[in-house]
Amino acid sequence: MDIKRIDPEEARELLDSEEGYTYLDVRSEEEFAMDHVPGSINIPVATRNPMGPGLVPNPEFTSQVEEQFDKDSRIITACLRGGRSLAAARALAENGFTGIVDMRGGYDAELDAFGNVIVEGWARRGFPTTTD
């Protein structure tokens, strides 16, 4: 399933518009608490692995989103770099959500295999952030 991907500039324009978009931050609760987009909602698509390092999929992700959003809600998915949010967007679309777009670059930046920035994310562009 193809997901429309937008850059942070377009995401900011959609959030500032009267179109009713919500920024869904799918990073971990710890990442979200450190800094996030004002007005965003945090529902982690993955959680800390209780058995060791890394993250494991959040099996409740889609049901948690369904508790807060209608299937036709306009949602911008985003994470730290763009990988988790694209997976989240696909999962939501597969579960009947129709207004999903994914933000490339995430909160920080999308990187290539060598660690070079491909797409600057929300915070690197100097867009508003908060810890509230």
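Only heavy atoms go into these numbers, but all of them, side chains included; no hydrogens, no water, no symmetry mates.
- Nearest heavy atoms, Leu24 versus Phe61: CD2-CZ, 4.3 Å.
- Side-chain atoms of Asp72 and Thr98 include no donor-acceptor pair closer than 3.5 Å.
- Asp35 and Thr131 share no donor-acceptor pair across their side chains, judged by distance under 3.5 Å alone.
- Scanning all heavy atoms of the two residues, the minimum distance from Ala89 to Ile100 falls at CB-CG2, 3.5 Å.
- To the nearest 0.5 Å, atoms CG (Asp112) and CD1 (Ile118) are separated by 5.0 Å.
- Atom CD of Gln68 has more than 12 heavy atoms from other residues, nucleotides or ligands within 6.0 Å.
- Rounded to the nearest 0.5 Å, atoms CG (Asp25) and CE (Met103) are 8.5 Å apart.
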Point to revise | Evaluation steps, side chain to side chain contact (heavy atoms under 4.5 Å, CB included), between Thr47 and Glu29 | key: CA-CA 8 Å; Thr47 57; Glu29 291 177 358; over 6 Å; no
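- For the pair Arg27 and Phe32, the cation does not sit on the ring face, since its NZ or CZ is not both under 6.0 Å from the ring centre and inside 45° of the axis.
- With no hydrogens or angles considered, no side-chain donor-acceptor pair links Glu66 and Asn95 at under 3.5 Å.
- Proximity of a side-chain donor or acceptor of Arg74 to a complementary backbone N or O of Glu19 within less than 3.5 Å is detected.
- In the hydrophobic cluster analysis, where Ile, Leu, Val, Met, Phe, Trp and Tyr join through side-chain heavy atoms closer than 4.5 angstrom, Ile76 is grouped apart from Val26.
- For the atom pair CG of Leu14 and CD1 of Ile75, the computed distance is 13.0 Å after rounding to the nearest 0.5 Å.
- Ring to ring, Tyr107 and Trp122 are not that close: their centroids are 6.0 angstrom or more apart.
- Considering only heavy atoms from C-beta on, Asn42 stays 4.5 Å or farther from His36 through its side chain.
- With values rounded to the nearest 0.5 angstrom, Arg12 atom CZ is found 12.5 Å from Asp7 atom CG.
- In this structure, Arg81 contributes its side chain and Ala109 its backbone to a donor-acceptor pair below 3.5 Å.
- Minimum interatomic distance between Phe69 and Ile41 (heavy atoms only, all atoms of both residues): CZ-CG1, 4.1 Å.
- Minimum interatomic distance between Thr130 and Pro38 (heavy atoms only, all atoms of both residues): CG2-CA, 3.8 Å.
- In this structure the side chain of Phe127 never reaches within 4.5 angstrom of the side chain of Val37, judged on heavy atoms.
- A 4.5 Å side-chain heavy-atom check between Glu120 and Pro8 finds every atom pair outside the cut-off.
- Proximity of Leu111 to Asn116: side-chain heavy atoms (C-beta onward) are nowhere separated by under 4.5 Å.
- Taking all atoms of both residues into account, the shortest heavy-atom contact from Pro57 to Pro59 is O-CD, 3.1 Å.
- Each of Val45, Val101, Val65, Leu92 was checked for a side chain to side chain contact (heavy atoms under 4.5 Å, CB included) with Thr77, and the lone residue meeting it is Leu92.
- The 12-atom threshold is exceeded at CZ of Arg125, counting heavy atoms of other residues, nucleotides or ligands nearer than 6.0 Å.
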Exercise for review: Quick one: do Asn58 and Gln64 satisfy side-chain hydrogen bond (donor to acceptor under 3.5 Å, both in side chains)? Show the steps, please.
Suggested key: CA-CA 10 Å; Asn58 173 5; Gln64 290 171 340; 2.9 Å; yes
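- Summarising the geometry of Ala123 relative to Thr129, their closest heavy-atom pair is CB-CG2, 4.3 Å, with the distance given to 0.1 Å.
- Salt-bridge formation is detected for the pair Glu10/Lys4: a Lys NZ or Arg NE/NH1/NH2 atom is positioned less than 4.0 Å from an Asp or Glu carboxylate oxygen.
- Of the possible polar contacts, none joining the Asp108 side chain to the Gly121 backbone as a donor-acceptor pair under 3.5 Å is found.
- Looking at Arg104 and Glu110, a side-chain N of the basic residue comes within less than 4.0 Å of a carboxylate O on the acidic one, giving a salt bridge.
- In this structure, Ile43 is not a member of the same hydrophobic cluster as Leu80, with clusters built from ILVMFWY side-chain heavy atoms closer than 4.5 Å.
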Exercise for review: Test Ser85 against Asp102 for side-chain hydrogen bond (donor to acceptor under 3.5 Å, both in side chains), laying out the working first.
Suggested key: CA-CA 7 Å; Ser85 65; Asp102 180 58; 2.6 Å; yes
